[in-house]
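Each ligand, and each atom within it, is numbered from 1 in the order the structure gives. Values reported hereafter were calculated over all heavy atoms of this structure, with side chains retained and with hydrogens, waters and symmetry mates removed.
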Amino acid sequence: VSRTSDYPIRGDGATDIAAAIETGIVAGSLAAGARLPTVRDLATDLGVSPTTVANAYRSLRERGLLTANGRGGTSVTAMRPRSARRVAPPIPPHALDLARGNPDPQLLPDLRPALAAVADGLASTAGRSRKYGDGGNLPALVAALEPRLAADGLPIAPVTMVNGALDGVELALRTVVHPGDSVVVEDPGYCGLLDLLESLGLRAIPVATDDEGPLPDALTAALARRPVAAVLTPRAQNPTGAAWSSSRATELEAVLATQPQLLVIEDDPLAEVADEPLRDITAAGRDRWAYVRTLSKTLGPDLRVAALLADPTTNARVAALQQATTGWVSWLVQHLAAFLLDDADAERTRTEARRRYGERRTVFKEKLKEHGVGARGISGYNVWIPVSHEASTVQALLTYGWAVRAGEVFRLESPPGLRVTVAELPLEQAGLLAADVASAMAAPRRNISA
Ligand SMILES: Cc1ncc(COP(=O)(O)O)c(C=O)c1O
């Protein structure tokens with residue numbers, strides 16, 4: 001047993017020692033900044049080889065829990081297995097929720113006719129559930145999706161239904177990654193993805209972006225850092241609302257072509273309700289690629305269903321992993337999704353959603369411009385507003401009755417900003433919100449410590 005900061009570290013193998021340290025971090029006994037014994041001291045105390053301790057420290061460094069601080073010292077970072085970035089702070093009852101990234105419920109299809117049709121469809125099993133071994137992809141859902149995917153220029157490849165976009169991204173990543181590996185992400189990028197990488201023990205390599213997507217030079221520099229995968233968003237990027245222009249897509253494709261073995265995952269979050277076409281770069285004959293299309297924003301977040309396309313190797317590994325874990329996506333959900341994709345009313349709702357989201361975003365940005373506030377966002381329903389002080393601006397906006405998301409959860413190295421989800425912003429309030437953003441940005445920072 002070795003004591004530093006009064007915390008006993010035990011163990012006779014690297015895994016036990018790392019677990020003991022992690023337990024201390026989680027319990028708060030090893031606080032941020034606490035220094036750990038040197039490798040040699042701990043090895044002597046525990047009667048193990050220095051290599052064993054070094055391996056334990058390395059695995060925790062790779063997960064971001066420890067940092068080396070020169071002259072062989074090691075200390076605890078501020079990072080601990082933390083509550084997910086994806087979980088937004090509670091919205092006070094008086095505030096309009098422009099923070100949680102939701103689609104407008106009015107622009108989602110009514111689920112009741114779909115539920116009634118699914119209930120009727122259970123006649124063949126006398127109303128009982130399907131059995132183990134009956135699952136897999138629902139052919140009717142795959143048939144509803146295939147022409148849409150083909151119309152977007154995606155490669156012809158087997159479709160695998162997964163439980164939402166992040167499930168698909170996780171399955172695809174797990175076909176290639178090991179803890180400590182690096183994955184290229186957009187910066188700012190989707191907070192749920194950053195959580196996922198952290199939970200898998202992966203490092204994020206940030207790539208700066210503009211309205212047209214990742215900057216090619218930044219991507220080139222990121223590839224030099226030996227990532228095993230890249231997760232990129234072709235349109236309706238979260239949080240910045242970027243969409244790849246065709247010239248940018250061509251440039252990105254060329255940069256990525258230098259590493260054909262790198263797994264490139266395209267996450268297309270809004271798909272049919274995004275007002276830019278898909279400019280896919282996976283079709284260009286990469287060895288390793290995956291494309292994930294969630295139905296969360298087109299049909300409703302609670303359906304938890306997405307389609308995944310991938311090269312044959314990735315696809316086979318994804319199928320094996322899925323069989324080893326969730327097994328399949330509930331056929332009840334797949335039936336609902338198939339009904340809604342084929343339904344004419346639901347299709348009209350999607351067309352309307354695309355138009356409305358584009359209108360709300362465009363009008364809000366124009367109003368911001370009238371107040372001298374610059375903003376990003378050309379696709380989907382998120383607008384990104386660069387600000388100097390996130391916390392104080394978010395707080396001031398809350399006092400005016402608007403809940404927006406501080407950019408911190410989306411950022412690695414990029415400068416501060418706010419994400420405003422305009423999906424439910426009434427057009428007639430866009431001017432008022434813009435004026436309030438301008439004054440919140442100008443307000444002095446009051447009593448805000450972070
Ligand atoms: C880029 C991106 N990926 C994934 C998701 C999550 O999708 P799902 O609900 O299908 O897991 C979101 C949701 O906002 C997103 O914006």
Numbered atoms of ligand 1 (with element) below 4.0 Å of [X], judged on heavy atoms:
| X | result |
| --- | --- |
| Leu166 | 11 (O) |
| Ser296 | 8 (P), 9 (O), 10 (O) |
| Pro269 | 1 (C), 2 (C), 15 (C), 16 (O) |

Can you confirm if the NZ or CZ of Arg279 lies within 45° of the ring axis of Trp244 and under 6.0 Å from the centre of its six-membered ring?
no
Electrostatic pair Glu352:Arg355 at N-O distance under 4.0 angstrom
yes
Rounded to the nearest 0.5 angstrom, the CG-CZ distance for Leu418 and Phe410 is 10.0 Å
For Pro214 versus Arg248, what's the shortest heavy-atom pair and its separation?
O-NH1, 2.9 Å
Derivation and outcome, side-chain hydrogen bond (donor to acceptor under 3.5 Å, both in side chains), residues Thr233 and Asn238
CA-CA 8 Å; Thr233 317; Asn238 191 354; over 6 Å; no
For ligand 1, is there an N or O atom under 3.5 Å from any N or O atom of Ala165?
yes
Would you check the N or O atoms of Asn238, main chain and side chain alike, for any that come under 3.5 Å of an N or O of ligand 1?
yes
I'd like the name of whichever of Val305, Leu196, Asp268, Thr294 reaches closest to atom 10 (O) of ligand 1 through any heavy atom.
Thr294
Non-hydrogen atoms of Arg304 versus ligand 1: any pair closer than 4.0 Å?
yes
So which bit of Lys297 gets within less than 4.0 Å of ligand 1, heavy atoms only: side chain, backbone, both or neither?
side chain
Protein residue, atom and distance nearest to atom 3 (N) of ligand 1, heavy-atom basis
Asp267 OD2, 2.5 Å
Measure the shortest side-chain to side-chain distance between Val231 and Tyr190 over non-hydrogen atoms and say whether it is less than 4.5 angstrom.
no
Applying side-chain hydrogen bond (donor to acceptor under 3.5 Å, both in side chains), run through Tyr357 and Asp275 and close with a yes or a no.
CA-CA 8 Å; Tyr357 293 150; Asp275 46 3; over 6 Å; no
